[in-house]
Amino acid sequence: MLGPAEPYGQDGARDVQSGPEDLHALRIGTAPGGGRLCGEDEEAHMRVGMTVLPEYSGESARKIWASVEEYGFDHGWTFDHLGWDGLLDGPWYGTVPTLTLAALVTSRLEIGTLVASPNFRHPVAFSRDLIGLDEISEGRLTLGVGAGAEGGYDVDVFGAGAPKSRVRRFGEFVELLDRLLREDHVSFQGDYYSAVDARSVPGCRQRPRLPFIVAANGPGAASVAARYGQGWVTIGGMAERLDAWWGLVSEASDRMTAALATHGREADPEFRRVLQTDAAPVLSIQSADCFDDFLGRADELGFTDVVAPWPRAQGPFSAPRSVVDRIAADVLPRWRTSGND
């Protein structure tokens with residue numbers, strides 16, 4: 001499966017306190033009251049999802065999100081930005097209402113952010129949104145969370161510039177958000193965030209809280225993922241050639257493995273490794289065969305999940321919708337059996 005690619009032509013971490021031991025045992029999507037167990041199919045060899053940009057409204061948005069589930073994908077995600085460079089002149093809607101719509105038109109699909117960040121979020125306010133989404137989705141919400149880019153619209157629009165240390169801020173953000181989603185009456189004082197007797201009733205539908213998939217490429221963010229995450233997500237990095245991109249993905253995976261070993265989690269069978277293909281120099285959904293190759297390469301590197309962009313009519317991620325038809329019909333069924341090689 002690791003054949004030639006061409007035919008398809010950070011940072012010092014703050015010493016964040018470890019979360020409680022029960023977080024390391026947290027199972028994805030264990031929602032009381034009958035919520036879906038995300039990824040509960042023991043026979044699935046690779047979980048596959050789609051990222052739908054928050055640019056669709058009304059019936060168009062409802063049809064797309066319903067289609068992601070009907071095609072048989074395991075999860076559906078959206079970006080968490082105030083605007084995305086390159087698409088600032090087009091429609092762009094908030095992440096929370098987008099995922100609310102997604103939750104209401106699906107019943108099985110795991111939904112989430114890829115990824116939320118501290119660039120414009122505060123853990124106290126954001127925790128309320130997440131608790132609400134977890135309830136509306138009946139326990140199908142997973143939070144993808146990352147440190148946030150150094151620049152771009154989400155940073156520039158506030159006119160304040162980047163923080164002194166993005167990774168230290170990220171550590172605080174995840175630490176406080178973890179507590180807010182598990183506890184009531186939270187007080188916290190850090191260098192970047194504070195909270196005074198913050199309330200969280202009724203708490204998450206999933207217990208002890210909804211799962212975190214933590215974005216990390218550097219060792220500092222990987223340490224945060226190992227401490228607080230029920231999984232890890234990477235885009236690999238930027239490269240001009242596909243083989244070089246896969247090299248970056250492999251290096252990031254090795255750093256994550258080292259971080260897990262440092263925190264005593266190298267043998268955790270429930271820890272998810274998620275590859276987001278958006279940054280690859282070749283569009284993963286340009287054809288069904290191409291996408292199948294991406295799944296095979298990701299599988300050989302130990303990834304449990306792969307996420308691809310939903311095809312757009314033009315611009316970034318543009319591809320015919322018929323490719324998704326073929327992926328659903330020809331590719332996904334092969335990756336639903338544990339014996340796939």
**Request:** Provide the closest heavy-atom pair for T98 versus G94 in the form atom of the first, atom of the second, distance.
**Result:** OG1-O, 2.8 Å
**Prompt:** Okay, side chain of R334, backbone of D330: is any donor-acceptor separation there less than 3.5 Å?
**Reply:** yes
**Request:** Please assess S200 against R128 for the test side-chain hydrogen bond (donor to acceptor under 3.5 Å, both in side chains), listing each intermediate value before the final yes or no.
**Result:** CA-CA 7 Å; S200 61; R128 285 298 194 184; over 6 Å; no
**Prompt:** Would Q286 and V323 count as a side chain to side chain contact (heavy atoms under 4.5 Å, CB included) if you check the C-alpha gap in whole Å, the side-chain angles of each, and the deciding distance to 0.1 Å?
**Reply:** CA-CA 7 Å; Q286 66 176 255; V323 174; over 6 Å; no
**Message:** Could you go through R62 and L101, starting from their C-alpha distance and side-chain angles, then the distance that decides it, and tell me whether this counts as side chain to side chain contact (heavy atoms under 4.5 Å, CB included)?
**Reply:** CA-CA 7 Å; R62 286 188 284 271; L101 181 148; 3.9 Å; yes
**Message:** Taking ring pair (Phe, Tyr, Trp, His ring centres under 6.0 Å) as the cut-off, I'd like each qualifying pair that reaches into residues 302-329, sequence neighbours left out, listed once.
**Reply:** W84-F317, W232-F303
**Request:** Verify, without hydrogens or angle tests, whether D178 (side chain) and Y228 (backbone) share a donor-acceptor contact under 3.5 angstrom.
**Result:** no
**Request:** Using atom types as modelled and distance alone, determine if a side-chain donor or acceptor of S137 lies under 3.5 Å from a backbone N or O of D134.
**Result:** yes
**Request:** Output yes when a side-chain donor or acceptor of R255 lies under 3.5 Å from a complementary backbone atom of N217, and no otherwise.
**Result:** yes
**Message:** Before you tell me yes or no, could you show the steps for I327 and F73 under side chain to side chain contact (heavy atoms under 4.5 Å, CB included), namely the whole-Å CA-CA distance, both residues' side-chain angles and the distance that decides it to 0.1 Å?
**Reply:** CA-CA 10 Å; I327 289 171; F73 291 100; 4.2 Å; yes
**Prompt:** Which pair of non-hydrogen atoms, one from M50 and one from V307, has the smallest distance, and what is that distance?
**Reply:** C-CG1, 4.0 Å
**Prompt:** If you count the non-hydrogen atoms of other residues, nucleotides and ligands that lie under 6.0 Å from CD in E59, is the total more than 12?
**Reply:** yes
**Prompt:** Which one of L133, D129, T78 satisfies the side chain to side chain contact (heavy atoms under 4.5 Å, CB included) criterion with T95?
**Reply:** T78
**Prompt:** Would E175 and R168 count as a salt bridge (charged side-chain N to carboxylate O under 4.0 Å, His left out) if you check the C-alpha gap in whole Å, the side-chain angles of each, and the deciding distance to 0.1 Å?
**Reply:** CA-CA 11 Å; E175 179 183 3; R168 288 182 62 192; over 6 Å; no
**Asked** For T277, does its backbone N or O pair with a side-chain atom of S284 as donor and acceptor, under 3.5 Å?
**Response** no
**Prompt:** Is the side chain of T234 donor-acceptor paired with the backbone N or O of A215 at a distance under 3.5 Å, no angle test?
**Reply:** no
**Prompt:** Given the rule in the salt bridge (charged side-chain N to carboxylate O under 4.0 Å, His left out) test, do D80 and R121 qualify, once you have shown the distances and angles that lead to the verdict?
**Reply:** CA-CA 10 Å; D80 188 33; R121 297 285 187 188; 2.7 Å; yes
**Prompt:** Between R207 and C204, is there a donor-acceptor pair closer than 3.5 Å when you use the side chain of the first and the backbone of the second?
**Reply:** yes
**Asked** Any sub-3.5 Å donor-acceptor pair from Y192's side-chain atoms to S165's backbone N or O?
**Response** yes
**Message:** Go through it in stages, so that I can follow the logic: the residues are V124 and Y193, the test is side chain to side chain contact (heavy atoms under 4.5 Å, CB included), and I'd like the CA-CA distance, side-chain angles, deciding distance and then a yes or no.
**Reply:** CA-CA 9 Å; V124 172; Y193 299 102; over 6 Å; no
**Prompt:** Is it the case that H263 and S223 place a side-chain donor and acceptor less than 3.5 Å from each other?
**Reply:** yes
**Asked** Sub-3.5 Å donor-acceptor pair from the side chain of T304 to the main-chain atoms of R273, do we have one?
**Response** yes
**Message:** If we ignore hydrogens and angles and just use 3.5 Å, is the side chain of R179 paired with the main-chain N or O of S187 as donor and acceptor?
**Reply:** yes
**Complete:** In terms of heavy-atom contacts, Q206 and G139 come closest through CD-O, 3.3 Å
**Message:** If you define the side chain from C-beta out and look only at heavy atoms, does anything of L181 sit under 4.5 Å from L130?
**Reply:** yes
